[in-house]
Amino acid sequence: MSGSYSHAQIPAIRVRVGIANAEPRDYRFTQPFRIGRIAECELCIEDPHVSRQHANVAFGNGQWWIQDQNSANGIWVEGQRVQTLSISQTVTFRLGVEGPWVMMQADAPAGTQQAPVQVPAQQPIGGETRMIASYTEKYLVGNTDQPAGERTMMIRKAFSKVQKKQKRKYGWVVGGLVLLLCGVGAFAWLRDQQVRKQTAMAQELFYTMKSLDVDIANVERLVSETSGPQGAEQIRKFRERRMAMENQYNNFLSGLKLYDKALSEEDKLILRMARVFGECELAAPPEFITEVKSYITKWQSSSRYKTAVDRAIANGYDKRIPKEFLDRGLPPQFFYLAMQESNFDPFISGPMTYKGHAKGMWQFIPETGEKYGLKTGPLFELPRPDPADDRHNWEKSTVAASRYIKDIYSTDAQASGLLVIASYNWGEHRIIKLLQSMPANPKERNFWQVLAKYKDKWPAETYNYVYYIFAAAVIGENPRLFGFPFDNPLAHLEKR
């Protein structure tokens with residue numbers, strides 16, 4: 001889409017944008033522009049169906065063009081996704097399947113005129129065309145002001161009757177088509193309403209299920225402290241109820257055909273992993289998948305992932321660590337938190353903080369380590385291994401990490417694994433202060449909600465930390481799909 005045009009030669013382009021429950025807005029551009037949700041885009045459309053940088057509009061080869069910037073939502077014309085669209089005349093499209101509609105119309109270039117439509121002349125074949133035309137002119141569409149003979153009038157009356165019959169016939173046909181189209185439109189509207197209702201019900205069921213997860217986690221903590229048989233029976237009943245709810249939720253997903261849609265295998269893995277970490281895949285923002293893929297690319301760009309997994313397998317961490325989390329009713333994929341913290345190195349020391357050095361595979365600071373039963377050694381102020389420091393004992397520190405994560409999971413994180421990960425990195429008191437300002441239920445206190453309200457307060461380190469761990473867990477489900485030369489390090493858990 002290139003061409004040597006000065007700005008004076010480029011015709012203006014008029015844009016009208018329609019967003020649900022709002023008046024359409026009109027714009028006019030004379031230079032290339034970007035469409036997206038962020039303020040840096042010249043045409044900023046604040047709508048969840050619009051990607052951060054959705055599309056570019058540029059002039060080239062004598063006309064305007066719009067090109068999708070590999071957005072998660074896409075450009076849709078009459079139900080079909082397109083990558084590039086020419087704007088040689090008025091075009092209408094959507095940003096996302098159910099997103100805002102956009103109408104674009106390019107002005108005629110200065111100094112040019114619209115070329116008249118050329119109708120090709122009909123060529124006679126053996127004189128037949130000319131003869132038919134002459135009969136039509138004489139008997140059917142001739143000048144009615146001129147006197148006509150009896151035969152001509154008879155033919156014209158017969159033709160008039162035929163025309164009336166055809167009009168009645170085609171009137172019924174057109175009426176039938178209109179009714180059919182109305183019926184199809186009504187069916188589509190009802191189907192859309194049904195899908196929306198089922199989606200809302202499925203989400204409500206999911207968050208009810210997550211509330212039950214919080215209750216189960218709290219009862220499990222009490223039982224571990226008291227070892228009471230009544231608590232164990234209550235946990236059993238909770239788990240049976242939770243299993244029934246999960247089966248019902250799976251039925252909703254099956255009916256909505258979420259995983260039957262035109263999703264790539266990578267997209268499906270990302271949505272499934274969101275559910276593993278306690279987030280509803282039906283509520284995932286459109287840009288979430290795109291963001292996760294960018295962090296998968298970061299893992300693919302170095303040997304760090306493979307080196308860490310090789311170390312974990314060589315030392316048996318891949319067996320012991322996931323089991324510890326499973327035994328506490330937590331996702332075994334918290335295994336990848338240790339990979340992000342230390343690359344599974346139990347003797348590593350972190351930078352100095354006002355509370356001392358973080359040490360060991362799980363990078364406990366002295367205060368938190370001691371709270372969960374890890375004895376701090378005399379070298380806590382020095383960034384080197386300390387044989388007397390329990391934080392370097394990977395088995396003891398794994399137990400401490402699982403207990404710490406369980407506590408966050410069952411209280412302030414409201415069964416959101418992604419909020420647990422953020423709390424682990426940012427410091428429980430900082431993020432928990434934010435969490436406690438929100439309603440204490442998983443529907444209103446989940447990763448999507450917290451990020452939407454407080455993203456500007458999150459340190460970049462914590463944002464990266466969460467996405468790195470989540471992307472690592474996605475890769476771990478099928479490493480070969482992402483170009484890694486080994487299989488899922490947690491595949492052995494499927495045999496349990």
Side-chain angles (χ1 to χ4, degrees), residues 34 36-38 40 51-54 56 67-74 83 263-274 276-277 279 284-315 317-318 321-322 331-351 358 361-363 417-418 420-422 424-426 447 451 455 458-491:
R34 296 167 297 171
R37 201 175 67 253
I38 59 176
E40 289 79 3
S51 298
R52 291 167 58 82
Q53 295 189 36
H54 202 118
N56 282 346
Q67 185 168 24
D68 186 10
Q69 293 301 294
N70 297 319
S71 63
N73 300 306
Q83 186 67 28
L263 296 173
S264 67
E265 286 303 312
E266 293 91 339
D267 293 354
K268 291 177 182 178
L269 277 179
I270 290 170
L271 291 177
R272 289 193 176 104
M273 191 52 59
V276 167
F277 276 106
E279 300 296 343
E287 63 273 15
F288 177 68
I289 290 178
T290 303
E291 189 77 335
V292 173
K293 286 182 176 179
S294 72
Y295 283 83
I296 289 174
T297 301
K298 290 179 172 67
W299 280 116
Q300 292 170 323
S301 65
S302 76
S303 60
R304 181 186 164 206
Y305 194 104
K306 181 179 183 304
T307 301
V309 170
D310 286 346
R311 178 183 291 127
I313 293 174
N315 291 281
Y317 305 151
D318 61 316
I321 293 175
Q333 284 80 6
F334 279 118
F335 167 82
Y336 295 99
L337 190 150
M339 186 166 85
Q340 177 67 13
E341 284 285 356
S342 64
N343 295 322
F344 297 115
D345 182 353
F347 303 107
I348 195 171
S349 294
M361 182 183 294
W362 296 93
Q363 288 291 282
L418 299 183
V420 168
I421 292 171
Y424 197 99
N425 172 260
W426 195 6
F447 181 70
L451 199 61
K455 184 179 179 181
W458 285 47
E461 176 193 342
T462 300
Y463 183 88
N464 292 332
Y465 183 84
V466 174
Y467 274 97
Y468 265 117
I469 293 172
F470 184 84
V474 172
I475 292 170
E477 292 299 291
N478 190 353
R480 296 187 187 277
L481 178 64
F482 299 98
F484 292 90
F486 50 87
D487 295 318
N488 181 355
L490 306 185

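Heavy-atom basis, side chains included; hydrogens, waters and symmetry copies ignored. Not measured: the values here are computed from a predicted model.
- Summarising the geometry, atom CH2 belonging to Trp458 is positioned 7.5 Å from atom CH2 belonging to Trp426; distances are rounded to the nearest 0.5 Å.
- Distance check, rounded to the nearest 0.5 Å: CG of Asp68 to CG of Asn70 gives 6.5 Å.
- A distance-only check finds a donor-acceptor pair linking the side chain of Glu279 to the backbone of Phe447 [under 3.5 Å].
- The salt bridge (Lys or Arg N to Asp or Glu O under 4.0 Å) search around Arg37 returns Glu287, not counting sequence neighbours.
- Residues that satisfy the salt bridge (Lys or Arg N to Asp or Glu O under 4.0 Å) test with Asp345, not counting sequence neighbours, are absent from this structure.
- The shortest non-hydrogen separation linking Ala471 to Trp299 is CB-CD1, 4.0 Å.
- Two residues are said to be in side-chain contact when any heavy atoms from C-beta on lie closer than 4.5 Å; Leu337 and Ile421 meet this criterion.
- Side-chain atoms of Asn343 and Arg304 form a donor-acceptor pair, as typed in the model, at a separation below 3.5 Å.
- Heavy atoms only, all atoms of each residue included: Pro322 and Leu490 are closest at CG-CD2, 3.4 Å.
- Looking only at side-chain heavy atoms (C-beta outward), Phe288 and Leu451 stay at 4.5 Å or farther from each other.
- Counting heavy atoms of neighbouring residues, nucleotides and ligands inside a 6.0 Å radius, atom CZ of Arg34 exceeds 12 of them.
- Using a 4.5 Å heavy-atom threshold, the side chains of Phe482 and Val474 count as touching.
- Shortest non-hydrogen contact noted between Met273 and Ala473 is CE-O, 3.7 Å.
- When atom types are taken as modelled, the side chain of Ser51 and the backbone of Gln53 share no donor-acceptor pair closer than 3.5 angstrom.
- Annotation: side chain of Leu271 is in contact with side chain of Ile289 (closest heavy-atom distance under 4.5 Å).
- Among all heavy-atom pairs drawn from Ile313 and Asp318, the shortest one is CA-OD1, 3.6 Å.
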Residue pair Asn478, Glu266: steps toward the side-chain contact (heavy atoms from CB on, under 4.5 Å) verdict: CA-CA 9 Å; Asn478 190 353; Glu266 293 91 339; over 6 Å; no
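- Taking the six-membered ring where the residue is Trp, the centroids of Tyr305 and Tyr468 are separated by 6.0 Å or more.
- With sequence neighbours left out, the salt bridge (Lys or Arg N to Asp or Glu O under 4.0 Å) criterion links Arg480 to Asp487.
- At a threshold of 4.5 Å between non-hydrogen side-chain atoms, the residues Met361 and Tyr317 count as touching.
- Looking at Ile321 and Phe334, their side chains never come closer than 4.5 Å, going by heavy atoms from C-beta outward.
- With rounding to the nearest 0.5 Å, the separation of CG in Asn315 from CG in Asp310 is 11.0 Å.
- A donor-acceptor pair under 3.5 Å is formed between the side chain of His54 and the backbone N or O of Gly74.
- The shortest side-chain heavy-atom distance between Gln300 and Phe484 falls under the 4.5 Å cut-off.
- Across every non-hydrogen atom of Asn488 and Pro479, the tightest pair is N-CD, 3.6 Å.
- A distance of 6.0 Å or more separates the ring centres of Tyr336 and Phe470.
- In this structure, the side chains of Trp362 and Tyr424 come closer than 4.5 Å at one or more pairs of heavy atoms.
- A side-chain contact (heavy atoms from CB on, under 4.5 Å) with Ile270 is found for exactly one of Glu477, Glu291, Lys293, namely Lys293.
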